[in-house]
Amino acid sequence: MDEAMSYPQIEPANFDLIVIGTGLPESILAAAASSSGKTVLHLDPNPYYGSHFASLHLHDFTEFLQTHSLPSAPETQPSSSGEFNVLPLTTSPVYSSIETSVFSPEILQKSNQFNLDLAGPRVLFCADKMIDLFLKTEINHSMEFKSVDASFICEGEEGNLRNVPDSRSAIFKDKSLSFTEKNQLMRFFKLVQDHFGDGSGEESKKISEEDLKSPFVEFLSRKIGLSQKLKSIILYAISMAHYEQDNLEVCKDVLKTKDGIDLLILYHKSGGRFPNAPGAMIYPLYGQGELLQAFCRRAAVKGSIYVLRMPVVGLLADKEVGNYKGVKLLSGQELFSHKLILAPSFILPSGFAPSYLYPEPDGGHDFGLLDEKVKVVRGICITKSSLKLDVANCLVFFPPRSLFAEQMTSVRVFQLSSNVAACPSGMFVVYLSTLCKDVGQGKKMVNEAMNALFSIPISGKPEENSTDSHGENTVLRLKPSLLWSTVYIQELTMGAFGCVSSTFMPDGNLQYNNLLDATTKLFHKMYPNEEFFPEATSSIEVAEDGAFEQLDS
Amino acid sequence: MHGRPRKAPTEEEQEASVVKGAKLRSIQAKFFQFHHTNTYTKEALEVNAKLLEMNPEFITGWNYRKLAVQYHLEAAQSDEDSIKSILDEELKVVESALMTNFKSYGAWHHRKWVLNMGHSSTDRELFLLKKFQKLDARNFHAWNYRRFVTALKNIPDEEELQYTTDMIYENFSNYSAWHNRSVLLSRLLKEEVEGYYPKEKVLTEEFEFVRNALFTDPDDQSGWFYHLWLLDQTVKLEHLLVSSWPPNGSNVNVSDYCALSPSLSSISRTLPLILCFSEAVGGINSSTVSVVCESNMDSNLIWTPISVDKSGLARTWLTYLTFSSEPMHPSRNYLVKVSIANSEGIISSAGFCCSNPSHMAFTVCLPSSNTEFDEGPDIERIDWSEENFSSNQLHSENLGLINSFNELTISGDNKKTYETNAKIIADEIDYCRELLSEMDCKIGKLTLARLLLAYDALSSASRGVQDQNMFQYKEILELYHDLMKLDPPHFQYYKDQYSLVFLKQELANEESLLKYCYQYRDSTSLSNNSLCLCLRGLSLSQIGCIERLLWVQMLDLSNNGIRSIEGLESLQLLCCLNLSNNKICSFSALEPLRLLKSLKVLDISHNEIGAHPIDTRRYLCASPLSHTSDWKREEFVVSGPEMTIYWDAFSIFSGLNLRQLSVTGNPIADKKFKLFLCKLLPAMKWLDDEKLR
């Protein structure tokens, strides 16, 4: 009973909504529900916020991966407590094949100086829906952001990084495009901007409906006549397609012109939205985990109750009908609510079959879930030097087939520096991810990308071969040497709606749009009559002007 | 700052502006009280500062501050601290005014005025500039001020050039940045600063730099402007002399040209010498140009610039050689040697020094006795009808005179420069074609046309011979033809350019030039040469290629679309000119005629003079009120109401000694006007078809 004593008693015992897990979708839902006047209890078994979206110290990070790569403690049988059945709440493993290499053990001493994202790589576009939501809810005041300095595309084994010409001035500056390519690319950008003109624009400038429905790759090559090089840049580094688009018969996920162009326009609108952010993308100081904490703070302001370190052992079900009634905490306390939301690693007890899975298979083409067996391979590398001189935070894209012939998906890489507090100063954290069906194939892609970017010390002889000098003139580029790395597989799960709902694992995308869409959808399913974050009374425009004041220029 | 549409003010905004206006007026009234009583107290200055912060455009306010500063500085005498505090206060006032409107001329000027006193630190200036240029990177006030500050702080041009590069990288649609780049580069190139030499290397790099802008966004004009500047830098020819009359190597019979002497005095051994340069030059005098003759010749030559303005610069310079005494051997040809740019002093309008001497020589045949030139009473009227002209049978001696081109020797060094520059232009031509193959682009076509012309100029200069047969003008003409269709608002410009290129093509070599030469039937009515250059009905809108036409005495430009005769003043030998059936719409457009002192016969019939009640050109030219005009009132042979109506006709004709004039078919040419002309030109024998006396 000692253990139970250490847990606080929660008052009151009845809520409109209980949320277990503080991942981003859970936190947004808690904030949204409390904004609509619901009483919310938000619980997390961990001592930190974020669940599968957390930003953790190095030590906590590896521990979290380990914990969630194993099934939870042996299942206990449903028991009965008073008028309810207690259905035990267990978790399923969501991470697997974790391979961690420590090349420089000293960095483990600095564990606390790292903020590693479980859901990396991921960035915010200045004009995306997530930012709009921050501004609408005014939670941006509690956050600071830094610009992503550059994005690169990497083709060929040498690991040469070429700038992604993603704006007018980037095209102007680019050194690898021919003059004609510059002209073609800029004309294409203008065409896209004309398409999205103020609506009153001439119809002739609109891209036809027929074209919008066609595969983007065909539109780019047939209608626009872009070279392979430019197509590759647009498809994989700007529109961020996952799968190889060139072979339409085999491609699992054909990017439609409309979606490709939507992404382009998001990119375009993002550049220069905030005067302090020169690029299209930004990243929160202290990591992605900051975003969900901001929503949690907002929920707390609206009256939600937060309890961390509070494991839930079971769900309470009505004995007769089997309806969900409440939760039983490890402390033994029983709490009741109309609705319950679970973090994605929890197994929905068999009695609470969901009535609806989301996102719907047809609507979420780029959610990476078309095929349920698709998984995300994630990797994290810690290095002492940047991938590119004088660049702190940057993206790198390896288009399909750029690493080896069988590479069918694009590998995305995101480097963060100490200026976003991702790591101690003088170090860099590099995230990698790609989608895969086959675990071996997936890991190969990430490992090859790591090989292309880094020099990987031979175990036992760390540090020394970073110069890699075979002959006098072999060293073209000094690759950063790895200090620490991990590669793991993360499951993709679908969200479920029912009397007990559950959220989903971080998707394989670089941005938040689909996450937010799915979360909004779940909210509307749960509360069909409520507005998702009703308009705040104070003016948004003021917020927009003052927003991101802290952004570093 | 840019691309923001104006919105009509809302009701609240209007109210606010009414309130603001009232407040402004009350402060202004207070200010004027102080100003009128020369009060420079602290309170007065504060009122003024407040006023300027509200309305930085108020120039009187700034002037008052200058008076106040002077007043206080006198009081402060040489106490450094109080001087500094007075001036620092000024800088602060300017700063807050600029916060209200960073495009205020008065505020920027006041800041310069304060800093020019040299008591203030300039450290804050670059910081301020950075702030303003971040607000609007294209703000030309800030750029202008930047040049001032960098000069004050002695910041090297190289550093500033890098700054323009950075700004252009941020957004290349920035005229101010490109302009500053051209200013800085001009200086760096001129001073041959390390890394900016040789010029060809720098030009190649700059062409490549700006090419990024042209290809990325051909619709943005700022890059094209810089490209045009670069092109101009590349084609500048260092040898400036283009042609002369008499031509190099020719033989001239002086008695043939005695009618052309400035005064019809007894001296008949006078010969005009005309030098024509590639651009307007100054500094032509007897020390920069030496003329040596075997025979006795007055060596004190007076050179006259042939130009409508009074800048002292001209493309064409004229002097008269006077052979003073009887020739020793009447039948002999005497050699005249002309050396140009022997000593420094010839400077082009672009600031170029002509340092390469050129030499030419011709021979003269002097008449044995002083034959009086007499026009004779029975001189006939010139009739421009076609049947009076026959295709020419040229005498070989005339051929030499027509070919008025100097075969100038170009030094090896220059030749190499022209070759390198021609190569640069050839590359640009390739890139321009590449761009045009991607997209239709008006300014690209225009640039290609200009590049092709530039290439022509450079390659012919590098070959050293003016044999322009090598070059095909067809493509340039086609480009301008396309542009006329593609871009109707600028039709006239393209048409003018078309005319110039067309003339270049047609007059390029002797063979094609001869196709336009006709013999007038009756040579007795002309002083000597009855050869007429007949450029009628070619739909020209402008006249060009003047340097090839110095020999022309009779010119038929009728039935074209000529609006301007700019450049015609160079044809100093011209006696008879037919401009009938053109589009000349005012006498002001005929201003070059004033300089053609030999002109005797003029036909301007069937033009549009007087058709346009408002002639905008008229205000660009000399008028009775403009002080460039050198008329003396007492010389006016006519006065009264006609003078006020016809002053522009007066300004053209009063200096001419016309024998024959046709004005019919112009709206202005009524009876009253003809009477005016008769009064104005007493020596005139024919007006239109009428014989006068």
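Throughout, a chain's letter reflects where its sequence line sits, starting with A, and its residues are numbered from 1.
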Peer 1: Quick check: are there more than 12 heavy atoms from other residues, nucleotides or ligands sitting under 6.0 Å from NZ of A:K231?
Peer 2: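 Buried by this count: over 12 neighbours within 6.0 Å.
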Peer 1: Counting only non-hydrogen atoms closer than 4.5 Å, does B:F209 touch chain A with its backbone (N, CA, C, O), its side chain (CB onward), both, or neither?
Peer 2: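 Both backbone and side chain of B:F209 come within 4.5 Å of chain A.
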Peer 1: Around B:K153, counting heavy atoms of other residues, nucleotides and ligands shown, do more than 12 lie under 6.0 Å from its NZ?
Peer 2: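 Counting other residues, nucleotides and ligands, NZ of B:K153 exceeds 12 neighbours.
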Peer 1: What I want to check is whether the side chains of A:K173 and B:N212 have a donor and an acceptor closer together than 3.5 Å.
Peer 2: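 Absent: no donor and acceptor within the cut-off.
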Peer 1: Taking atom CZ of B:R147 as the centre, report whether more than 12 heavy atoms of other residues, nucleotides or ligands fall under 6.0 Å from it.
Peer 2: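 Count over threshold, so yes.
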Peer 1: Test B:D217 against A:R187 for side-chain contact (heavy atoms from CB on, under 4.5 Å), laying out the working first.
Peer 2: CA-CA 8 Å; B:D217 193 354; A:R187 267 192 296 149; over 6 Å; no
Peer 1: Should B:F172 and A:R168 count as side-chain neighbours, where that means a heavy-atom distance under 4.5 Å?
Peer 2: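 B:F172 vs A:R168: side chains touch.
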Peer 1: Looking at B:K20, I want to see if its NZ is surrounded by more than 12 non-hydrogen atoms of other residues, nucleotides or ligands under 6.0 Å.
Peer 2: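 No - once you tally the heavy atoms of other residues, nucleotides and ligands closer than 6.0 Å, there are 12 at most.
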Peer 1: Is the count of non-hydrogen atoms from other residues, nucleotides or ligands lying under 6.0 Å from B:K442 atom NZ greater than 12?
Peer 2: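 No - once you tally the heavy atoms of other residues, nucleotides and ligands closer than 6.0 Å, there are 12 at most.
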Peer 1: For a 4.5 angstrom cut-off between non-hydrogen side-chain atoms, does A:N183 reach B:T216?
Peer 2: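 No, every pair of side-chain atoms sits at 4.5 Å or beyond.
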Peer 1: Taking atom NZ of A:K190 as the centre, report whether more than 12 heavy atoms of other residues, nucleotides or ligands fall under 6.0 Å from it.
Peer 2: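 Buried by this count: over 12 neighbours within 6.0 Å.
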Peer 1: Fit a plane to each ring of B:F215 and A:F179, take the angle between them on a 0 to 90° scale, and name the class: parallel (under 30°), tilted (30 to 60°) or perpendicular (over 60°).
Peer 2: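 Correct class here is tilted.
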Peer 1: Is B:S173 close to chain A through its backbone or its side chain, or both, or neither, when contacts mean heavy atoms under 4.5 Å?
Peer 2: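 Both parts, backbone and side chain.
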Peer 1: Cut-off 3.5 Å, side chains only: do A:T180 and B:E438 have a donor facing an acceptor?
Peer 2: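 A:T180 vs B:E438: no donor-acceptor pair found between side chains.
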